Participant: 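Pasting a structure here, questions to come.
Just so it is clear, the structure is predicted and the values come from calculations on it, not from any experiment. When a ligand or atom number is given, it counts from 1 through the structure's own listing order.
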Amino acid sequence: MSDAPLVLGIETSCDETGIALVRGRTLLADAVASSVDQQARFGGVVPEVASRAHLEAFDATLDRATAEAGVSLRDVDAIAVTSGPGLVGALLVGVSAAEGLALALDRPLYGVNHLAAHVAVDRLVHGDIPEPAIALLVSGGHTSLLRVDDVTLDVTPLGATLDDAAGEAFDKVARLLGLPFPGGPHVDRAAAEGNPASIDFPRGLTSPRDDAEHRLDFSFSGLKTAVVRWLKAREDSGEPVPTADVAAAFQEAVADVLVTKALRACADSGIETLIVGGGVAANSRLRVMLGQRAGHLDVRIPPPRLCTDNGAMVAALGSALVERGRPPSAPGVGADSSLPVQEIVAPGLRSGLPTMRAGIVEG
Ligand code: KG4
Ligand code: ZN
């Protein structure tokens with residue numbers, strides 16, 4: 001693969017500045033600078049803080065990536081950048097930098113979908129994605145089941161959360177338990193010492209009457225409310241809160257629903273490959289439970305470091321786009337905070353007249 005195209009991937013949709021270099025399916029460098037310590041003070045991601053941190057971290061992260069890969073920017077054959085969905089100000093930092101680099105280096109630029117990139121990153125670990133595949137995408141902002149017929153062209157949503165994303169539920173419950181932001185890894189660690197069967201928390205949208213309308217959808221707000229109520233009752237009774245047990249029982253409920261619905265999507269479609277991506281895919285209980293319940297299915301989960309946001313996922317999707325000869329975005333890629341998952345490559349400026357979408361100018 002040494003003559004395969006070298007793709008630079010840039011990710012700035014939330015609080016990680018991720019810049020990576022991929023040649024073919026080989027990850028050469030994956031530099032990440034996170035503003036999570038700054039965000040932790042506020043208990044969540046503050047968009048302005050994220051944008052400023054991307055600006056400050058960008059040049060050094062790019063230098064780190066090229067040095068680690070042992071390449072110069074002139075060696076890059078194509079550039080991919082997250083165009084959406086995400087925080088618009090944060091996205092714009094990456095998109096503007098990528099547009100500048102593409103122009104200066106005279107290379108094609110792909111403005112890509114963050115969600116498709118969470119799926120595509122698996123090709124760096126387990127090889128090309130067997131298509132069609134089912135993808136379970138679980139992050140701080142999204143929880144979806146997707147049918148992936150072609151990760152560069154054809155992704156169909158099968159179900160999604162009606163309220164909170166799975167990662168958001170982890171973050172909120174962590175806060176209730178007095179654990180730091182982002183909560184997922186802290187709940188995961190606390191749960192290791194707890195008993196998952198100690199409390200029977202509800203599994204949203206899994207009753208037979210939900211089957212007709214919400215067979216592959218998710219809901220986590222009822223679970224969060226159940227945790228609030230349980231903690232309140234405990235507080236009223238004056239008993240201490242068993243943090244590890246609550247974390248373990250909550251995590252068990254989330255993992256149970258995610259696994260149940262992902263396996264259902266595979267069974268319904270007859271598709272035997274399941275790819276899991278997004279920050280919550282780093283969860284240890286989810287990973288174990290999938291292994292226990294997936295039977296003959298080919299379950300592909302990247303290592304935790306590639307599940308949370310990074311540049312490798314963007315470069316991985318970029319290199320698949322280049323390999324399959326997909327056309328790059330037109331100049332004027334723009335940032336789209338609510339880019340739909342079906343739109344894998346942002347088209348760029350379509351006409352001479354810019355239009356407003358999500359509050360920013362794009363084509
Ligand atoms: O994909 P990601 O890095 O960013 C978004 O695109 O949202 O996902 C971040 C989310 C956060 O909500 C974080 O708490 C959660 O992923 N997360 C986890 C774990 N590691 C990160 N949730 C559960 N268990 C984990 N080990
Ligand atoms: Zn993400």
Side-chain angles (χ1 to χ4, degrees), residues 9-18 20 30 32-36 39-40 43-45 47 50 54 81-87 90-91 94 112-122 135-144 146 160-161 164-177 179-192 194 196 220 223-224 247-248 250-259 275-290 301-314 316-317 337-339 341:
I10 299 172
E11 153 63 34
T12 65
S13 70
C14 192
D15 56 351
E16 260 92 36
T17 313
D30 183 23
V32 178
S34 177
S35 64
V36 74
Q39 312 287 357
V45 177
H54 287 309
V81 62
T82 303
S83 178
L87 303 169
L91 288 165
V112 303
N113 192 302
H114 181 82
L115 307 180
H118 266 307
V119 178
V121 73
D122 189 70
L136 170 67
L137 199 100
V138 275
S139 71
H142 295 86
T143 299
S144 321
L146 310 168
T161 181
D164 293 348
E168 200 177 349
F170 269 97
D171 296 339
K172 286 179 176 170
V173 166
R175 199 174 181 152
L176 291 169
L177 292 174
L179 299 171
F181 175 84
H186 297 281
V187 171
D188 197 341
R189 267 195 295 278
F220 295 108
L223 170 59
K224 181 197 64 197
F250 160 78
Q251 178 174 272
E252 191 72 10
V254 176
D256 186 14
V257 176
L258 293 175
V259 172
I275 298 173
V276 190
V280 180
N283 184 261
S284 62
R285 183 63 187 128
L286 176 62
R287 298 171 82 93
V288 168
M289 200 188 277
L290 274 166
I301 320 178
R305 193 178 53 85
L306 293 179
C307 291
T308 47
D309 290 349
N310 59 75
M313 59 195 247
V314 181
L317 178 54
S337 61
S338 52
L339 190 69
V341 68

Participant: For ligand 1, indicate whether the residue His142 contacts it via side chain, backbone, both or neither (heavy-atom separation under 4.0 Å).
Facilitator: neither
Participant: With heavy atoms only and a cut-off of under 4.0 Å, state how Asn283 meets ligand 1: side chain, backbone, both or neither.
Facilitator: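 For Asn283, the contact with ligand 1 is made by both the backbone and the side chain.
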Participant: Examine Cys14 and say whether one of its N/O/S atoms is closer to the Zn ion (ligand 2) than 2.8 Å.
Facilitator: no
Participant: In ligand 1, which numbered atoms sit nearer than 4.0 Å to a non-hydrogen atom of Gly141?
Facilitator: 7 (O)
Participant: Tell me the protein heavy atom at minimum distance from atom 13 (C) of ligand 1, and give that distance in Å.
Facilitator: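 The answer is Asp171 OD1, 3.8 Å.
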Participant: State the atoms of ligand 1, each with its element, that fall below the 4.0 Å cut-off from a heavy-atom position in Ser139.
Facilitator: 1 (O), 5 (C), 6 (O), 7 (O), 8 (O)
Participant: Determine the minimum heavy-atom distance between Val138 and Ala281, stating which atoms define it.
Facilitator: CG2-N, 3.8 Å
Participant: Return the closest protein heavy atom for atom 2 (P) of ligand 1 as residue, atom name and distance.
Facilitator: Asp309 OD1, 3.3 Å
Participant: At less than 4.0 angstrom from any non-hydrogen atom of Asp188, what atoms of ligand 1 do you find?
Facilitator: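 This gives 24 (N), 25 (C), 26 (N) as the contact atoms.
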Participant: Using a heavy-atom cut-off of under 4.0 Å, does the side chain or the backbone of Gln251 touch ligand 1, or both, or neither?
Facilitator: neither
Participant: Who's closest to atom 23 (C) of ligand 1 heavy-atom-wise, of Gly86, Gly184, Gly44?
Facilitator: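 Looking at heavy atoms only, Gly184 sits closest to atom 23 (C) of ligand 1.
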Participant: Given atoms OD1 of Asp309 and NE2 of His114, what angle do they subtend at the Zn ion (ligand 2), to the nearest 10 degrees?
Facilitator: 100°
Participant: Return a yes/no value for Thr308: is any of its N or O atoms, backbone included, closer than 3.5 angstrom to an N or O of ligand 1?
Facilitator: no
Participant: Cys14: heavy atom below 4.0 Å from ligand 1, yes or no?
Facilitator: no
Participant: Between Asn113 and Pro85, which heavy-atom pair has the shortest distance, and what is it?
Facilitator: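 Shortest heavy-atom separation between Asn113 and Pro85 comes out as OD1-CD, 3.7 Å.
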Participant: Do side-chain atoms of Thr161 reach the backbone of Thr143 as a donor and acceptor pair under 3.5 angstrom?
Facilitator: no
Participant: Compute the shortest N/O to N/O distance between Gly140 and ligand 1 and return yes if it is under 3.5 Å, no if not.
Facilitator: yes
Participant: What atoms of ligand 1 come within less than 4.0 Å of a heavy atom belonging to His118?
Facilitator: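 Per the distance check, 1 (O), 6 (O).
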Participant: Is the closest N or O pair between Ser284 and ligand 1 shorter than 3.5 Å?
Facilitator: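 No - when backbone and side-chain N and O of Ser284 are compared with those of ligand 1, no distance drops under 3.5 Å.
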Participant: Do any nitrogen or oxygen atoms of Gly167 lie less than 3.5 angstrom from nitrogen or oxygen atoms of ligand 1?
Facilitator: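 Checking ligand 1 against Gly167, an N or O pair does fall under 3.5 Å apart.
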Participant: Asp171 side chain to Gly183 main-chain N or O, any donor-acceptor pair under 3.5 Å?
Facilitator: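 Checked: pair present.
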Participant: Does Thr12 offer a backbone N or O that forms a donor-acceptor pair with the side chain of His54 under 3.5 Å?
Facilitator: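 Here the side-chain-to-backbone pair exists.
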Participant: Given Ala255, Pro85, Gly279, which has its nearest heavy atom closest to atom 8 (O) of ligand 1?
Facilitator: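 Nearest heavy atom to atom 8 (O) of ligand 1 lies in Gly279.
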Participant: Please give me the minimum heavy-atom distance between Pro304 and Ala282, naming the atom from each residue.
Facilitator: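 For Pro304 and Ala282, the tightest heavy-atom pair comes out as CB-CB, 3.9 Å.
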Participant: Check the pair Leu306, Asp30 against side-chain contact (heavy atoms from CB on, under 4.5 Å), reporting the backbone distance first and the verdict last.
Facilitator: CA-CA 9 Å; Leu306 293 179; Asp30 183 23; 3.7 Å; yes
Participant: Does the N or O separation between Glu16 and ligand 1 drop below 3.5 Å for any pair?
Facilitator: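 There is no such contact.
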Participant: Write down the atom of Asp188, the atom of Ser284, and the distance for their closest heavy-atom approach.
Facilitator: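 Heavy-atom minimum between the residues: OD1-OG, 2.5 Å.
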Participant: Just wondering, more than 12 heavy atoms not from Arg287 lying within 6.0 Å of its CZ?
Facilitator: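 Enclosed.
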Participant: Is the backbone of Ala160 close enough, under 3.5 Å, to the side chain of Ser144 for a donor and an acceptor to pair up by distance?
Facilitator: no
Participant: Minimum heavy-atom separation for Val314 and Ile10, please, with both atom names.
Facilitator: CG1-O, 3.6 Å
Participant: I need the single residue from Leu136, Leu137, Ile301, Val119 that forms a side-chain contact (heavy atoms from CB on, under 4.5 Å) with Ile275. Which is it?
Facilitator: Val119
